[in-house]
2 protein chains.
Amino acid sequence: MNIRDLRYMLAVAEHRHFGRAAEACRVSQPTLSVQLRKLEEALGVVLFERSSKQVVPTPICELLLAHARIAVAETEAMTALAQASADPLRGALRIGIIPTLGPYLLPLVFAPLREALPELEIEPWEDITATLIERLRAHELDAALLATEPEGADLLSRPLFTEPFLAALPPDHPLAAQDRIRESDLVPDVLVLADGHCLRDQALAACGLAGPVGGALRASSLATLINMVAAGYGTTLVPGLAAGAAQDSGIALRPLAARASRTIRIVWRAAFPRRAAVESVARVIAERLAPFAAASERDIAALDRAPAARHVAGTR
Amino acid sequence: MNIRDLRYMLAVAEHRHFGRAAEACRVSQPTLSVQLRKLEEALGVVLFERSSKQVVPTPICELLLAHARIAVAETEAMTALAQASADPLRGALRIGIIPTLGPYLLPLVFAPLREALPELEIEPWEDITATLIERLRAHELDAALLATEPEGADLLSRPLFTEPFLAALPPDHPLAAQDRIRESDLVPDVLVLADGHCLRDQALAACGLAGPVGGALRASSLATLINMVAAGYGTTLVPGLAAGAAQDSGIALRPLAARASRTIRIVWRAAFPRRAAVESVARVIAERLAPFAAASERDIAALDRAPAARHVAGTR
DNA sequence: CCGCGACGATTGGCAATGCCTATCGAAGCC
DNA sequence: GGCTTCGATAGGCATTGCCAATCGTCGCGG
């Protein structure tokens, strides 16, 4: 059974006239005649009593019409719904983001995203890398912003920007007197995040530490970590975008000798159909972060006096 | 859009596997693949995210599925409804019947009709000929039992049986002494029904009266007429089937010299699709009335001692 | 009585659709 | 590296859907 035939049936019932019904359906009268006969044969029921005077729906037809109307209305609702959401740059896009990035990146990119993609409703979801990838694969997220490259052919990614790590020191720390810090100097009292945070692994790697470190502290967030450093419990590495927040806590920030950094990537399922949406988001973020990347290259030595993040945040 | 495609869509959503969905739909997997792609193109929306691992409906697909389910269910309801009522010998059949026939015929044929056509729900409607024909043409009746042949090519009819008219006399009427009454003898004090009853016209014609008769009485029903005769107000003609009721009123019935009679016909619209139902009803009535017709031919002279209607009513 | 207009049914031809089998291509698994 | 699984693709064929033209019937008006 074809929805088209139901439309024909409804038209004939409404107009009680094959010719006018055909016109309303934008087909020729014979077409409608034939199709209606086929429908009658398919249903095994005479739908209309034709005489030279009039075309009258049979009682059973009246019953069927009610169902036909609903069926047609539902399919029309489907096309309307589909049409309204055909634009991939429209509708919800669930984006995962790691906790050491979200609080510092989102304030920067939310407004530009809204401006560039007004129909796209971005729903951020903050969690650690492993969980985000899991949710991505489970179709609970559409994309994720990570600092690592994902494994597996089912996920694709592209880099968005690179942010340097900075040494974060209590202002009265002996190393705070240096303009540039050697990563290995941080080892004795470096504080790191809890397991699962990619920043933890990357910070340890930057310092040349492979296994677990001595300190018992496992901070659950970068904000906690920064406050611990400010309180003089040790040193740590913070990503460039968090520099502003770190400085507000009264911490000394210094560039690193080896210029350790992390690259933020956007990740999505290879089969995700709204790739256009992901790529648009990626482009907006990359463009928004471009001045910061340039600045961090140029002014990295002067970062503690004019932090890049601050500088960028002031740019409009 | 084809309902079949919606079924494919529902199957894939349910099985999350093209092969199994195709199997469930009794088509090959490529067919389902192609049709689904076409549906996606028609809607302008990706319905399923395919990867080597899994087939997952997109969010918009989930919305569409709800509508698709309703549409499919409605069309299924249509086929079920049609199938249930495909049998023309099933369902309601609205039959008009003239008032001078209904009360006497229906008791005879109701049981046989119910036995022969158990699925047919006969809805009798009693009214005068003109009104019945009007309602028939307006599709408010499906058939009618009349004593006249209808005019117009849009109506068809077939005769069911013929019933003789009998002279109805008060027992003490002078004519009651005769075995057989000449119609013209009834003229002086014949009573007739009100305008619109075909029996009125036929009784007048039988007596050789063309225009209006002298008596002011215009009985509104045959029962009234019979009671008037029983009360000695005059004579009349009654149709054979009413003979039993007439005799119960203590009236003398006599056959007529010219054997005036009326032929009961069943009438229906030429375009009426359930002709089979009408013809079945016609056959059952004709068969049920056959013994009466035979009896009236044979025993018409003895009718006042063993009334044909009584005789028939006792036959089983 | 005949021609005419209205209207649904029928016909014949053509393009589009729907389905099949066979095959491909990518991914995962011994 | 071969094997399996699974969705996509290709080619061929029957069916379907549509149209223009025509038919058949009915009712109307001259």
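To find a chain, count down the sequence lines: A is the first, B the second, and so on, and within it residues start at 1.
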J.: For DNA chain D, whose closest nucleotide is more 5', that of B:D154 or that of A:V27?
T.: A:V27
J.: Taking side chain to side chain donor-acceptor pair (under 3.5 Å) as the definition, give me every residue that meets it alongside A:R269, ordered by chain and number, with sequence neighbours left out.
T.: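 Side chain to side chain donor-acceptor pair (under 3.5 Å) list for A:R269, sorted by chain: A:H139, B:E49.
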J.: To the nearest 0.5 Å, tell me how far B:M78 CE sits from A:L64 CG.
T.: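 Atom-to-atom, B:M78:CE and A:L64:CG are 4.5 Å apart.
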J.: I'd like to check the side chain to side chain contact (heavy atoms under 4.5 Å, CB included) partners of B:S33; sequence neighbours left out, ordered by chain and number.
T.: B:F18, B:Q29
J.: What string of B, S and - do you get for nucleotides 6-18 of chain C 5' to 3' if you count protein non-hydrogen atoms under 4.0 Å?
T.: -SBBB------SS
J.: For the pair made of CG in B:L32 and C1' in C:dT21, what is the distance, rounded to whole Å?
T.: 16 Å
J.: Quick one: how far along DNA chain D does chain A reach, first to last nucleotide 5' to 3', anything under 4.0 Å to a heavy atom?
T.: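 Boundary nucleotides touching chain A, in 5' to 3' order, are D:dT16 to D:dC26.
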J.: B:S157: what forms a side chain to side chain donor-acceptor pair (under 3.5 Å) with it, not counting sequence neighbours?
T.: B:R265
J.: Donor-acceptor pairs are to be reported for all side-chain atoms of residues 274-284 of chain B against protein atoms at under 3.5 Å, with residues two or more places apart or in another chain.
T.:
unit_1, atom_1, unit_2, atom_2, d
B:R274, NE, B:P88, O, 3.2
B:R274, NH1, B:A92, O, 2.8
B:R274, NH2, B:P88, O, 3.3
B:R274, NH2, B:R90, O, 2.7
B:R274, NH2, B:A92, O, 3.3
B:R275, NE, B:E279, OE2, 2.9
B:S280, OG, B:A276, O, 2.9

J.: Taking side chain to side chain contact (heavy atoms under 4.5 Å, CB included) as the definition, give me every residue that meets it alongside A:D5, ordered by chain and number, with sequence neighbours left out.
T.: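 A:D5: side chain to side chain contact (heavy atoms under 4.5 Å, CB included) contacts with A:N2, A:Y8, A:Q35, A:L39.
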J.: What pairs of donor and acceptor atoms, side-chain ones from residues 67-76 of chain A against any protein atom, are under 3.5 angstrom apart with sequence neighbours left out?
T.:
unit_1, atom_1, unit_2, atom_2, d
A:H67, ND1, B:E74, OE1, 2.6
A:E74, OE1, B:H67, ND1, 2.6
A:T75, OG1, A:A71, O, 3.4
A:T75, OG1, A:V72, O, 2.7
A:E76, OE2, A:R7, NH1, 2.7

J.: Apply salt bridge (Lys or Arg N to Asp or Glu O under 4.0 Å) to B:D154 and list each qualifying residue two or more places apart in sequence or on a separate chain.
T.: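 Salt bridge (Lys or Arg N to Asp or Glu O under 4.0 Å) list for B:D154, sorted by chain: B:R137.
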